[in-house]
Amino acid sequence: MRAHIVTFGCQMNEYDTHAIQSELAGIGYSFVESYRQADLVLVNTCAVRGKPVEKVQTLLGELRKEKYRRRHLTIGLMGCLAQLPEGQRMGRRFGVDIMLGPGAITQIVPAIESGKFQSFEFKRELQFYSPPPPTGELSAHLTIMRGCNHRCTYCIVPATRGPEVSRPAEDIINEARALKEAGVVEVSLLGQNVNSYGMVAGTGLRRALIPGYPSFAELLRMVGRVGIPRVRFITSHPINFDDEIIEAIARTPAVCRFIHLPVQSGSNRALKRMAREYTREFYLDRVHKVRELLPDATISTDFIVGFPGETEEDFDETLSLYRQVRYDMAYMFIYSEREGTPAALHFDDMERSVKVERLSRLIELSKDISLEQNHNWVGREVEVLVKSSAAEEGFVQGHTRGNHVALVKADLSPGIHRVYVAQATPNRLYCTTEPTGLNSELIQGPVIPGTYDLSFAV
Ligand code: SAM
Ligand code: SF4
């Protein structure tokens with residue numbers, strides 16, 4: 001039996017796909033590159049924006065045609081879109097056989113065995129489910145919690161993934177140990193808001209811990225002791241990104257100094273309409289603390305441009321916040337209205353051309369600032385996790401502890417290497433294995449030899 005799985009969306013979906021693959025392998029499935037050779041096609045979906053939903057719709061159209069040709073083909077729709085009325089309507093229209101929401105993925109084997117199956121429950125067993133480690137991978141994901149308790153007015157995730165549920169710390173540590181044994185050198189701890197790991201229901205600053213659960217800061221220290229050289233985590237919510245977490249990052253050598261701290265907007269008025277629970281000033285205070293305790297950290301963020309009611313003044317505040325923080329990188333999205341969210345119910349979407357024009361201005365600013373930030377690394381020694389050869393001839397590609405894409409002019413084997421940054425572009429660091437540089441006349445920007453604090457390197 002042959003299966004083909006298509007995954008859309010975030011790292012949590014990739015982790016779930018890996019879990020599903022492990023279950024399928026357990027009942028004898030092998031995996032093929034194309035749906036044309038498969039007996040079973042699973043589509044693990046994303047519903048955060050309209051774009052990925054359109055892609056799923058196109059794919060389901062193709063799969064329906066394939067099923068006309070090969071009647072025995074089984075098609076499954078899984079993940080966030082499957083949880084929503086919009087996805088379930090789509091599933092019925094395209095003759096999908098199996099529909100499983102993100103809380104019901106442990107049902108995959110009975111679903112396949114029955115042939116026609118659907119479940120949109122949030123199964124309690126998922127909290128205690130650990131997939132086996134992937135084979136032959138240097139980097140792996142590890143979901144530490146599922147769901148989200150926040151109610152950002154633009155966001156469909158609370159509807160698709162349900163309320164927060166944290167996995168037991170012991171299971172997380174055992175899974176991390178298994179990853180280390182399997183040769184993984186970089187683990188990313190995943191959750192919609194990892195900072196509220198182990199906390200009782202609710203949101204905000206003063207939530208208590210569930211008895212027996214460590215705080216996220218403590219969990220970071222625990223995973224840091226497992227012996228995996230690189231520990232990452234994503235995503236943080238500014239309201240729960242407290243000093244204890246920043247101190248844990250500073251004092252745990254394995255934890256990468258890369259902070260993804262989504263802000264969404266620089267305007268207090270827009271943040272309030274988004275129900276983000278913090279102000280620009282609160283956010284800047286968190287950034288200030290990061291800069292104080294982790295001066296070499298890279299900071300990235302998410303922005304939504306053109307949220308309903310965003311004025312030119314609001315957008316100027318976003319641009320000024322970007323200049324103030326000097327982000328190393330950013331994911332920038334045009335607001336996409338999602339059926340069933342508070343923003344879709346209560347606010348009017350704005351003209352697309354306005355959103356596109358603002359996004360292009362934000363992208364231009366981000367390129368300038370990323371180039372300046374990346375230039376600060378020229379001349380420094382960095383650690384790169386090399387994964388593969390690069391599209392550019394003579395280079396291998398990987399990423400630094402700060403999550404910069406790094407191209408190294410050398411024939412290095414996959415794994416962790418220490419190299420020197422010779423040149424920077426807005427989205428790449430070009431490196432060499434010798435401190436003399438890739439091509440010294442190409443080096444631009446400030447060269448700061450010997451000032452790089454290597455104490456965090458493992
Ligand atoms: N929980 C994380 C957080 O709060 O940052 C990430 C959740 S979401 C899957 C990832 C990003 O998608 C968000 O940070 C936001 O920028 C973006 N996003 C979510 N809903 C959106 C929408 N309706 N339109 C455009 N972007 C959206
Ligand atoms: Fe969505 Fe907000 Fe939850 Fe992130 S914190 S998943 S943006 S509701």
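Indexing begins at 1, ligand by ligand and atom by atom, following the structure's order.
- Taking all atoms of both residues into account, the shortest heavy-atom contact from Arg276 to Val263 is NE-O, 4.4 Å.
- Contact annotation for Tyr154 and ligand 1: heavy atoms of both the backbone and the side chain come within less than 4.0 Å of the ligand.
- By the criterion of a separation under 2.8 Å, the protein N/O/S atoms near atom 3 (Fe) of ligand 2 amount to Cys148 SG.
- If you look at Pro262 next to ligand 1, the close heavy atoms, those under 4.0 Å, all belong to the side chain.
- Between Phe303 and the choices Tyr327, Tyr154, Phe315, the ring-ring contact (aromatic ring centres under 6.0 Å, His included) rule is met once, by Tyr327.
- With a 4.0 Å cut-off on non-hydrogen atoms, His237 does not touch ligand 1 at all.
- Both the backbone and the side chain of Gln192 come within contact range of ligand 1, each with a heavy atom under 4.0 Å.
- A salt bridge does not link Arg273 with Glu310: none of the charged nitrogens is closer than 4.0 Å to a carboxylate oxygen.
- Contacts of Val48 with ligand 1, taken as heavy-atom pairs under 4.0 Å, involve both backbone and side chain.
- The protein heavy-atom contact nearest to atom 16 (O) of ligand 1 is Gln264 OE1, 2.7 Å.
- Among all heavy-atom pairs drawn from Lys355 and Tyr335, the shortest one is NZ-O, 2.9 Å.
- What sits closest to atom 11 (C) of ligand 1 on the protein, heavy atoms only, is Asp302 OD2, 3.4 Å.
- Not one N or O on the side chain of Arg232 forms a donor-acceptor pair closer than 3.5 Å with the backbone of Phe258.
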Stepwise side-chain contact (heavy atoms from CB on, under 4.5 Å) test for Val226 and Leu179
CA-CA 10 Å; Val226 166; Leu179 291 173; over 6 Å; no

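- Between the side chain of Asn44 and the backbone N or O of Asn13, at least one donor-acceptor pair lies under 3.5 Å.
- Note that the CG atom of Asp296 and the CZ atom of Arg291 stand 10.5 Å from one another [nearest 0.5 Å].
- Looking only at protein heavy atoms, the nearest one to atom 3 (C) of ligand 1 is Thr235 CG2, 3.9 Å.
- Under the 4.0 Å criterion applied to side-chain N and carboxylate O atoms, Asp314 and Arg358 are not assigned as salt-bridge partners.
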Does Arg286 form a side-chain contact (heavy atoms from CB on, under 4.5 Å) with Asp243? I'd like the steps, not just the answer.
CA-CA 8 Å; Arg286 296 296 75 209; Asp243 290 358; 2.9 Å; yes

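- The single protein non-hydrogen atom nearest to atom 4 (Fe) of ligand 2 is Arg276 NH1, 4.4 Å, given as residue, atom name and distance.
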Acceptor/donor pairs from residues 55-63 side chains to any protein atom, 3.5 angstrom cut, sequence neighbours excluded:
{"unit_1": "Thr58", "atom_1": "OG1", "unit_2": "Glu54", "atom_2": "O", "d": "3.0"}
{"unit_1": "Glu62", "atom_1": "OE1", "unit_2": "Tyr35", "atom_2": "OH", "d": "3.1"}

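- Counting heavy atoms under 4.0 Å from ligand 1, residue Ile334 touches it through the backbone alone.
- His18 contributes atom NE2, which lies 10.0 Å from atom CD of Glu23 (distance to the nearest 0.5 angstrom).
- Tested against Val384, the residues Val396, Leu429, Thr400 include a single side-chain contact (heavy atoms from CB on, under 4.5 Å) partner, Thr400.
- For atom 7 (S) of ligand 2, the nearest non-hydrogen atom of the protein is Tyr154 OH, 3.4 Å.
- With atom 27 (C) of ligand 1 as the reference point, the heavy atom nearest to it among Met332, Arg276, Arg49 is part of Arg49.
- Heavy-atom contacts of Arg338 reach the following atoms of ligand 1: 23 (N) (cutoff under 4.0 Å).
- Considering both main-chain and side-chain atoms, Ser336 comes within under 3.5 Å of ligand 1 through a nitrogen or oxygen pair.
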